[in-house]
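The structure under discussion appears below in the form of structure tokens.
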Amino acid sequence: MAYDPKQIERKWQAVWAEERTWEVANPGQPGYEGSKPKSYVLEMLPYPSGEPHVGHLKCYAVGDAIAHFRRRRGFEVIHPMGFDSFGLPAENNAIKTGEPPREATERSIASFRRQFGEWGISIDWSRQLATHTPEYYRWTQWIFLQLFEKGLAYRTEAPVQWCPKDATVLANEQVVDGRCERCGTEVVQRNLEQWFFRITEYADRLLADFDRLESWPEHVITMQRNWIGRSEGAEVVFRCEEAGLDFPVFTTRPDTLFGATFFVLAPEHPELERLVAGTEAEEAVREYVNRVGRESAEERGAEDREKTGVPLGRTVVNPVNGEEIPMYVADYVLMEYGTGAIMAVPAHDSRDYEFAQRFELPVRRVIEGTDPDVARDAAGLPYAGDGPMTGSGRFDGKGNRDAYAAIVAWLEEEGRGRPAVNFRLRDWLVSRQRYWGAPIPVVYCEGCGEAGTPAIVPVPAEQLPVELPEVEDYAPQGKSPLAAAADWVATECPRCGGPARRETDTMDTFVDSSWYFVRYLDPGNGEAAWDRAVADHWLPVDQYIGGVEHAILHLMYARFFTKALADLGVLDVQEPFANLFAQGMITRDGAKMSKSKGNTVSPGEYVERYGADTARTYVCFMGPPERGGDWTDEGVEGVNRFLSRLWRLCEEVEERTEPGDAGGAEGEARELLAKAHWAVDKATRDFQRGFQFNTVIAAVMELVNDSYRLKDGLFGDPAGGAVLRFATATAASLIFPFAPHLGAEVHQRLTGERVWEQPWPVADPALLASDTVTLVVQVNGKLRDRIEAPAEAGKEELLGLARGSEKVARHLDGKDVVKEIVVPGKLVNLVVR
RNA sequence: GCCGGAGUGGCGGAAUUGGCAUACGCGAUCGACUCAAAAUCGAUUGCCCUGACGGGCUUGUGGGUUCGAGUCCCACCUCCGGCACCA
């Protein structure tokens, strides 16, 4: 019978569903396996939109291989799945088609759920969750309230990134090259009241705790580190006497303070208007600020942009030397970073230098040195290197690094500055003026408020969830569509009982996915988000798997949540994911797959045509899974050919051999037996060494190839037959993590056992060593012959064998051997002159 | 500009501690089976010279260390990813 994956796959999927094979119990529940060490294997939960794509296939194929391997290595593996089901695409679809987001989302979840079943992923479905259900978001809201109580969630007016197309604000992390990450529209800045999470409070811990991680890809850590962007320096106060205003600046180079020749404010600086009100400069400044305000972040950040700005007609005093330096407004100073004001040192900063050239401002050098590699002016400026101080009063002659500390110490004494640390990281903006998300659980109460400002009153935990109301129109109009649900908005203040209105913004979906890995552990809990003891048992996630596109956003938010929840006393771990595996992206024809390019690959079609085992094994065989790979149909067919070969081998072996003892095999039977043990050893080592699934699969291919090569000589005798049966069953056992259905089927036919209930095989060391080795003989480092030599042969014996070779002798002829290198068991190198 | 990663046959890739470069797969060529094709099974397949035996060359480039380098060191080139007027 030909290999029929459909039939085999349906059969085993039914067994696993029927027997709930992959479900695991919590401590205290019946069926709990306390004797085994736990292992939490988790893939990032999918966002259910349309159908699963190849990225999903790869992620879950990789994760499932790890889960299967660990189970058979004696771990109690928890391997859950859920759906990140709130979010913009479902809502945009609703606006376009009128279909309520809930319906489209639930249809998509059903489709994902069905396909994951068809892929045969070993999920504990009893723990399934979806973030859009009240049973889930009730606890998302609860966490929000915990953060609010701790002052980690707050509401404030701030300049925010606004996407005009999606009509919502975005987190900084969701703005890519000045455009909305989702729809590509250029974002604009607006001042709005918004909710934030105080992630900046955790910036130092987020950096320091990289040390607590067991194994994360270096580049992911680097990306987060860059994103957090910690800079050490000093805050220095410059005073404008005329206006009676102090302007603190942040600088990483206090050693260059004596070189400051002008001072620049960001166009958004709050004191700017007051500073120029009623002066000659007022008109020009206002015009400049308006012009800058109309520009997009992208235009403003353009690389080759010329410096622009306007003088303010005011001066500030440089605290180190009492010098008055002129003030400017310029858009190269950003309000979001530091204090929105800088001291400009053109001699030692290329941006300040450009500005000084343009506005013909003085350039004063305060550090000596040259920097030959970089294009400089005749004086070697701007110079960013180290060197002795000059023109800096009593600090002259000191190295600039020593002067740095001395100047900061002096500033501190004088009360004009202090050491300071600045982060690029901003607080996490979590409110969205959109419908399809978890409502923010607060109300605004005039009665509880003061002076016309309503009070923010949190909804008490026992009144959660604040359910998302049904609405007719999902289109955003600059405020949340929830505002239209008048009956829902009008409510009672939980504090005073008076009339109040609900917050109509919803939460960013990244909030939902920042804690889901905890809810899996106790998904049915109606009393609490989770039971502390249960969470302590399973956490942290031992192996997290997902796309590198989440390297910053999701992974950093989840780390922040974990730390905040640990501080609240409800979690015991500081880091959620001990080990992270970031899979590479699959391309087609060398390009990222996209519907517009028409180069998408539908996993469903391939599963239909070749079976899930082929599709799963293929994505693991394409190359190292952390790297990307190009999808080719020929490659899929190659894997399918291999699985078919294993299938046909099984049929022939089942028919023509009997189970028996393979122990005393000799000759070719022993050769195949040794190959099987080699494959076990190779597969086990490669599984543990990173996740080199491509070479694990290659080893099984070799075993199957050797079985084909040798089988005709082995069918005759019982020992040979027994070895063939063993080799084929071993191949099935090793391929099982990738092709679980075929692996289970072949293994059961040949051994009568259920492969997933069998421990992972262990190679017999006696069969890994062979009696003879291939001795490589080199002359002057060049390969001249290969000789079969006894494995135990000593130096002298190997040298004798080497010299005895005719091919070698030809190259020794008439020359002196000046050196002999012998690596026992491997090689002889004769050096001649 | 700063940070990270990678360059190996026609293609995807392998090479674990400095010791047989190109495992495994794809593609290609040939053969067996077939009326024929597909499927399958088997053989060959880095490049160059040679009729053959055999020899030379080869891991982005150039140097170095070493008996021996894809692997270590120095300099450079190219590509990919992240960050970027961040003071």
*Counting distance only, does the side-chain N/O of Lys58(A) pair as donor-acceptor with the main-chain N or O of Pro625(A) below 3.5 Å?*
yes
*Side-chain (Asn318(A)) to main-chain (Val320(A)) donor-acceptor, under 3.5 angstrom*: yes
With both distances under 3.5 angstrom, what nucleotide forms a Watson-Crick or G-U wobble pair with [N]?
{"N": "U78(B)", "answer": "A6(B)"}
{"N": "U65(B)", "answer": "none"}
{"N": "U45(B)", "answer": "G27(B)"}
{"N": "A39(B)", "answer": "none"}
{"N": "G18(B)", "answer": "none"}
{"N": "C83(B)", "answer": "G1(B)"}
{"N": "U34(B)", "answer": "none"}
{"N": "C53(B)", "answer": "none"}

Determine the interatomic distance between [atom1] on [N] and the same-named atom on [M]; round to the nearest Å.
{"N": "G56(B)", "M": "G4(B)", "atom1": "C1'", "value": "40 Å"}
{"N": "G55(B)", "M": "G60(B)", "atom1": "P", "value": "26 Å"}
{"N": "A15(B)", "M": "U8(B)", "atom1": "C1'", "value": "10 Å"}
{"N": "U29(B)", "M": "A38(B)", "atom1": "P", "value": "12 Å"}
{"N": "G18(B)", "M": "G27(B)", "atom1": "C1'", "value": "34 Å"}
{"N": "C26(B)", "M": "U78(B)", "atom1": "C1'", "value": "26 Å"}

Without hydrogens or angle criteria, can the side chains of [X] and [Y] be said to hold a donor-acceptor pair below 3.5 Å?
{"X": "Asp633(A)", "Y": "Tyr606(A)", "answer": "yes"}
{"X": "Glu637(A)", "Y": "Tyr610(A)", "answer": "yes"}
{"X": "Glu788(A)", "Y": "Thr774(A)", "answer": "yes"}

Measure the distance from [atom1] on [X] to [atom2] on [N] and round it to the nearest whole Å.
{"X": "Tyr618(A)", "N": "G25(B)", "atom1": "OH", "atom2": "C1'", "answer": "10 Å"}
{"X": "Leu334(A)", "N": "C85(B)", "atom1": "CG", "atom2": "C1'", "answer": "6 Å"}
{"X": "Ile552(A)", "N": "G82(B)", "atom1": "CD1", "atom2": "P", "answer": "9 Å"}
{"X": "Asn422(A)", "N": "A87(B)", "atom1": "CG", "atom2": "C1'", "answer": "9 Å"}
{"X": "Asn780(A)", "N": "U66(B)", "atom1": "CG", "atom2": "C1'", "answer": "13 Å"}

*asked:* Within 45 degrees of the ring normal and closer than 6.0 Å to the centroid, is that where the cationic atom of Arg645(A) sits relative to Tyr708(A)?
replied: yes
*Toward the 5' end of RNA chain B, which comes first, Met223(A) or Glu702(A), by nearest nucleotide?*
Glu702(A)
_Position toward the 5' end of RNA chain B (nearest nucleotide), Arg784(A) or Glu354(A)_ = Arg784(A)
So [X], base contact, sugar-phosphate only, or nothing? Heavy-atom distance under 4.0 Å.
{"X": "Lys782(A)", "value": "sugar-phosphate"}
{"X": "Gly635(A)", "value": "nothing"}
{"X": "Arg230(A)", "value": "nothing"}
{"X": "Val639(A)", "value": "nothing"}
{"X": "His348(A)", "value": "nothing"}

*Parallel, tilted or perpendicular: rings of Tyr332(A) and Phe355(A) (30°, 60°)*: tilted
*If anything within 90° of 0 is syn and all else is anti, what is G9(B)?*
syn
*Can you check each nucleotide of nucleotides 40-51 of chain B against protein heavy atoms at under 4.0 Å and return B for base, S for sugar-phosphate only, - for none, in 5' to 3' order?*
SSS---------
*If the sugar-phosphate is the primed atoms plus P, OP1 and OP2 and the base is the rest, what is the B/S/- string for nucleotides 5-21 of chain B, using protein heavy atoms under 4.0 Å?*
-------SSSSB--BBS
_If you compare every side-chain N and O of Arg424(A) against the phosphate oxygens of C83(B) (OP1, OP2), does one of them come in below 4.0 Å?_
no
*Mind jotting down which residue pairs meet the side chain to side chain donor-acceptor pair (under 3.5 Å) criterion with at least one end in residues 691-704 of chain A? Sequence neighbours excluded, please.*
Lys675(A)-Glu702(A), Asp686(A)-Thr695(A)
_By the side chain to side chain donor-acceptor pair (under 3.5 Å) test, which pairs, at least two apart or in different chains, include something from residues 616-629 of chain A?_
Asp64(A)-Arg616(A)
*Among A87(B), C3(B), C67(B), the one nearest Lys819(A) by side-chain distance*: C67(B)
*For residues 338-350 of chain A, which residue pairs qualify under salt bridge (charged side-chain N to carboxylate O under 4.0 Å, His left out), counting only residues two or more places apart or in two chains?*
Asp349(A)-Arg351(A)
*Between atom CG of Asp630(A) and atom CG of Asn599(A), what is the distance when rounded to the nearest 0.5 Å?*
9.0 Å
*Can you sort out the partners of Arg786(A) under side chain to side chain donor-acceptor pair (under 3.5 Å), two or more places apart, ordered by chain and number?*
none
